[in-house]
Structure formats: C-alpha cells, structure tokens
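As structure tokens, the structure follows; a few thoughts come after it.
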Protein chains: 2
Amino acid sequence: MRRFVIVGTRALASPDFRLLDLPGTSGRLDVLLRCVRAGLLVSHGVRRDTTLYLVLLGGPCAPRTLRFDGEAARYLRPDDRSLAVLAQKALQTPCETDGFVRARPGVFIARGGLDAVLTDLGGFHPVVLDEGGEDLRAAPSLPDSVYFLGDHRGFDDATRARLDALAPASVSVGPVSLHAEDVVAVVANELDRRGL
Amino acid sequence: MRRFVIVGTRALASPDFRLLDLPGTSGRLDVLLRCVRAGLLVSHGVRRDTTLYLVLLGGPCAPRTLRFDGEAARYLRPDDRSLAVLAQKALQTPCETDGFVRARPGVFIARGGLDAVLTDLGGFHPVVLDEGGEDLRAAPSLPDSVYFLGDHRGFDDATRARLDALAPASVSVGPVSLHAEDVVAVVANELDRRGL
C-alpha cells in the first residue's frame, strides 16, 4: 500500500475555478492534480495499490481533502483538464460533509485538512519530502510509510508544525528541487525497485 | 547538456487541435508536452542545460519536429493548456520550413522527423529508453548522451528501425512501465545525482 499526502497551501476546496485557466483560478490545484497522475497512472494502467490525499487549504470551503484510491478509480485520464473536471465534480459535494464520502468512483471527499487525513490513515510511518532530508535511496521504506509533500510554495507554518509533531523521517529525492509531481514519480520509481 | 527526443506516433504536426480536447484531437500531443514540463521545469526555474525534441508524425504536415531549448525558453508554464497554446503557436509556422527556425522564445520547428533531429544533434551517444534495457542506475551516462523515448504507443516500426541502426544503448528506468513524462523525470533525477 502506497500513500501520498500533498498539501495545497491555496488550492481551492470549492469548485469555483475555471477550466480555461486552472492555474490562475484554482490556487494551483493543477499542481496537486498532476501529482494524482504521477502517483496513480502508469503506462496503460492504474496503480491499484496507491492512494493520494490532496489537502485543499484555499477558498471559503477550506479545509477539505480529496482522496483518490487507485483500487476503485475508474475513467482516470492523465491530462490536466480531465483531472480538473473530475475534481470539480467531486468538489460539488456539500462543504459540511464529515468523514470521507464517495463523490466519484475512487474519489472521496471530507471536511477538514491534515487532521482528517491523519484520522483516516490510522497508524503509519510518516515521511516528509524535504530538500534537506536523507537521500531517498538510502532511506528505509516501510510498508506503512506515508509520504507528505508540499505544493510549489512548500508547507504553510501550521502544516509544518503539525507534521513536525509526528516526528517524521525527512527524505530528499536528490540535489535539485523538483515539481511535486516529479517527486511523486521518483518516489514511486524507488518503491517499484524495492518491490514495495 | 541534456537532450531528450520523444517520438509522437500520431502527434499532430499541424495546429489543428482543440485546446478543449487536447488528448482527443491532437494525436496525444499532450503526452509529449508533459515531457517538456518534466524535462525543462523544476521548482521555480528552468533547466537551462536541457533540450527536448518532439517528433510529430501525425497529420497532413507531418513529419515535423519541435525543439524546446531550456537555455532560451521564456514564459514556460507547467500546465497542459499553456504548453499546448505555445505548441499551437509554433505549429502555425509554414509546413515547408527547412532546418530549425525560431517560432517562439526557446521553441524551434523544422520540417522532418528523426532525420531532422539526427542532423541537428551532430555527434552523440544514443540511448533508447526501453523496458527490457539495462538498469538506468547501472548504465553509463556520457555527457553527449541523447535519450530517445516513444509515446504511449511506443515506437513505430520505421522509427525503431532507424534507431536500431544507430546501435544505441538500451536502458530501463525500472520494473514498471511508466508514462513518458515520468521516464523523463526519473532520468533527469539520475543525471542530477551524477552531476551531469
């Protein structure tokens, strides 16, 4: 079981963005959606063993969290627009819904941000992707590892404090600071190699 | 200097695609454009040392090739739509243009497919990304290596024969068959680690 949590500092928790200008109107939800592609989709298939949480901290309905489960996902397409349409439909779920409820096949939504995620995860081994961390290739990877990433702005202070309180492992994918989706791709590749 | 060549079996060599349905109307040019993002863009910056060639084998104007040079690129944005707008503008260059001509800042276009690329590359060390190849992490990487990838359909027969004639190294990124853009991300990460 592979799990990634991507925190969108300003990503809209409501469906009020324009598909014609996703980066400019969604608080960079596009960054998070490309992580879904990188984490869930492979050549001609879906990673059934992978779940991604997108923590949405922007807009009037925030915080909310989308969960994409590879096991139940259907009709997932790799392009930004298709993923944005899917997210927009899921975000039409009323804001006040508690717990993770199914919005589309394989797509769930909950009120709450990191706390909702932590409750949903139960027990796990937290790993934060961080430029100053231990090299991914040298770091242990446990079956219950959960990988936390920031968006293009990194983590906000509250999220960083909440994560620090979990005493996570800190891991770096390499010497260059990459887009979140490329970090997901590199971590997934490392796990593929380890047979995890 | 890093160089990638991605061959789009049916990717349109003309601007006659719809931004509202890029995957459905462009011969999956979207797959190639996401490789441009993975190859050229990092967190808050551009890889100035990287060039990507997109070989477009689809439509009435084919074959044509787009070249994206990190060194001269400006205003590159990571989302599908922005990259597609950029490509569409570049593809408005008349079909019969010989050699690589500048279409936009850092974006060049030439008539011809793989032959135009090989002429432009001059001397180089060819590496084909292939599921059955040697492990990327064990493979040598030379400063003049050029990495060739297929799109979601792999290579067409003519391209495969042309590449085989170059006696390339064959390299695999791991045990799972990945999207082309993730392959680019993993190769770039390996080169980052090697300081190449």
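- The choice from A:Leu178, A:Asp21, A:Leu19 that makes the most heavy-atom pairs within less than 4.5 Å of chain B is A:Leu178.
- A:Phe108 and A:Phe4 fall into different hydrophobic clusters, where Ile, Leu, Val, Met, Phe, Trp and Tyr residues are linked whenever their side-chain heavy atoms come under 4.5 Å apart, directly or through other members.
- Proximity to chain B involves both the backbone and the side chain of A:Asp79, based on heavy atoms less than 4.5 angstrom apart.
- For B:Arg28, the part lying under 4.5 angstrom from a heavy atom of chain A is the side chain only.
- Between B:Phe100 and B:Tyr53, the ring planes are perpendicular. Angles over 60° get that label, and only those under 30° would be called parallel.
- Linking Ile, Leu, Val, Met, Phe, Trp and Tyr residues whenever their side-chain heavy atoms come within less than 4.5 Å places A:Val176 and A:Val171 in a single cluster.
- Contact record, A:Leu83 with A:Leu33: CD1-O, 3.4 Å, taken as the closest heavy-atom pair.
- Both the backbone and the side chain of B:Arg137 come within contact range of chain A, judged by heavy atoms closer than 4.5 Å.
- Using a 4.5 Å cut-off between heavy atoms, B:Leu20 touches chain A through backbone and side chain atoms alike.
- In terms of non-hydrogen atom pairs under 4.5 Å with chain B, the most contact-rich of A:Ser177, A:Ser82, A:Gly174 is A:Ser177.
- A:Glu131 CD: 12 or fewer foreign heavy atoms inside a 6.0 Å radius.
- The candidate from A:Pro78, A:Ala180, A:Ala38 with the greatest count of non-hydrogen atom pairs under 4.5 Å with chain B is A:Pro78.
- Only the side chain of B:Asp30 comes within less than 4.5 Å of a heavy atom of chain A; its backbone N, CA, C and O stay farther away.
- Most heavy-atom pairs under 4.5 Å with chain B: of the set A:Val184, A:Val31, A:Asp135, this distinction falls to A:Asp135.
- Rounded to the nearest 0.5 Å, atoms CD1 (A:Ile6) and CG (A:Asp151) are 10.0 Å apart.
- Side-chain heavy atoms closer than 4.5 Å link hydrophobic residues (I, L, V, M, F, W, Y) into clusters, and following such links, even through other members, never connects A:Leu41 to A:Met1.
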